[in-house]
Amino acid sequence: MNTMNESKTCELILALDIEERSVAIDLLKRAGDDLEWVKIGLQMFTKYGPEYVREISDLGKKIFLDLKLHDIPNTVAKAVESVSELPIHMLTLHACGGSEMMEWAVKAQKSNKPDLQLLGVTVLTSMDEAGLAAMGIEETVENRISRLAQLAQDSGMTGLVCSPHEVSLPKQQLGQSITLVTPGVRPVGADAGDQKRIMTPAKAADAGSDFIVVGRPIYQADDPAAIVASIRSELS
Ligand code: C5P
């Protein structure tokens, strides 16, 4: 099993974007014990809170808490301190919050929860060059991703969330030790949904992903355990 860069295997994370808690819990039971990782995002965390995180952890799952923190350094550090009380393994923050914010977050993580992996989000895939320009940022999306990825690493962050499109770049730029988590992944034959630039699990792993995030193809399946098994076989 891969625990943060100790090996080069790629692991599956289920994006648990399900509105109802009871439906989500039932789904996790049907997805089986081979599914180790679950991503809880803002939608569910703001609705059900820390108790929901504990409930899912009690089912034996490792948790990626995708809160994309972005605030002044002290507030983010305090938020990291607070979530350190939860049974979580990964947490996201926006790299555009700047080096001081990330450094404070890393310091809080190291002193409160050394095993917690902080992941930087560089440029949201919903953002394009026109969107950056409207904020006064005259830079290509690619350059900005590269700049923010470097800033994240220089600030002590050890992981990044990146789309399949850009997954091969960070390891070339920052080295193999950076942990990469990639959404936008679809098993062969699955519906892309609203994802535009998809990649199969095997290709994402080959390109350098350490973790892939898959939601709908699993939680909308009649037999989620079968899809989990099929994705995991693509990764091994
Ligand atoms: O259902 P699907 O597999 O598309 O879910 C992907 C998950 O990854 C969702 O939780 C989505 O918000 C997240 N995500 C993404 N693309 C990004 C960043 C996050 O799809 N660029």
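Whatever order the structure lists them in is the order used to number ligands and atoms, beginning at 1. Remember, it's a predicted structure, so these values are computed and weren't measured experimentally.
- Ion pair Arg144/Glu138 not flagged as a salt bridge, since none of the NZ, NE, NH1 or NH2 atoms sits closer than 4.0 Å to an Asp/Glu carboxylate oxygen.
- Using a 4.5 Å cut-off between side-chain heavy atoms of Ile, Leu, Val, Met, Phe, Trp and Tyr, with links allowed through other members, Val167 and Val188 fall into different hydrophobic clusters.
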In a simple table, one pair per line, please give the protein and ligand 1 atom names for every N or O pair closer than 3.5 Å, along with the distance.
residue  : atom   : partner : partner atom : Å
ligand 1 : 1 (O)  : Arg216  : N            : 2.8
ligand 1 : 1 (O)  : Arg216  : NE           : 2.8
ligand 1 : 3 (O)  : Arg186  : NH1          : 2.8
ligand 1 : 3 (O)  : Arg186  : NH2          : 3.4
ligand 1 : 3 (O)  : Gly215  : N            : 2.7
ligand 1 : 4 (O)  : Arg186  : NH2          : 2.8
ligand 1 : 4 (O)  : Gln195  : NE2          : 2.8
ligand 1 : 4 (O)  : Arg216  : NH2          : 2.7
ligand 1 : 10 (O) : Asp17   : OD2          : 2.7
ligand 1 : 10 (O) : Lys39   : NZ           : 2.9
ligand 1 : 20 (O) : Gln195  : NE2          : 2.7
ligand 1 : 21 (N) : Thr125  : OG1          : 2.7

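- Partners of Glu142 according to the salt bridge (charged side-chain N to carboxylate O under 4.0 Å, His left out) rule, which considers only residues two or more places apart in sequence or in another chain, do not exist here.
- A search for salt bridge (charged side-chain N to carboxylate O under 4.0 Å, His left out) contacts involving Lys113 returns nothing, not counting sequence neighbours.
- The one candidate from Glu166, Gln172, Lys171, His165 that meets the side-chain contact (heavy atoms from CB on, under 4.5 Å) condition with Ser168 is Gln172.
- Remark: Glu55 engages Arg21 in a salt bridge (charged side-chain N to carboxylate O under 4.0 Å, His left out) (not counting sequence neighbours).
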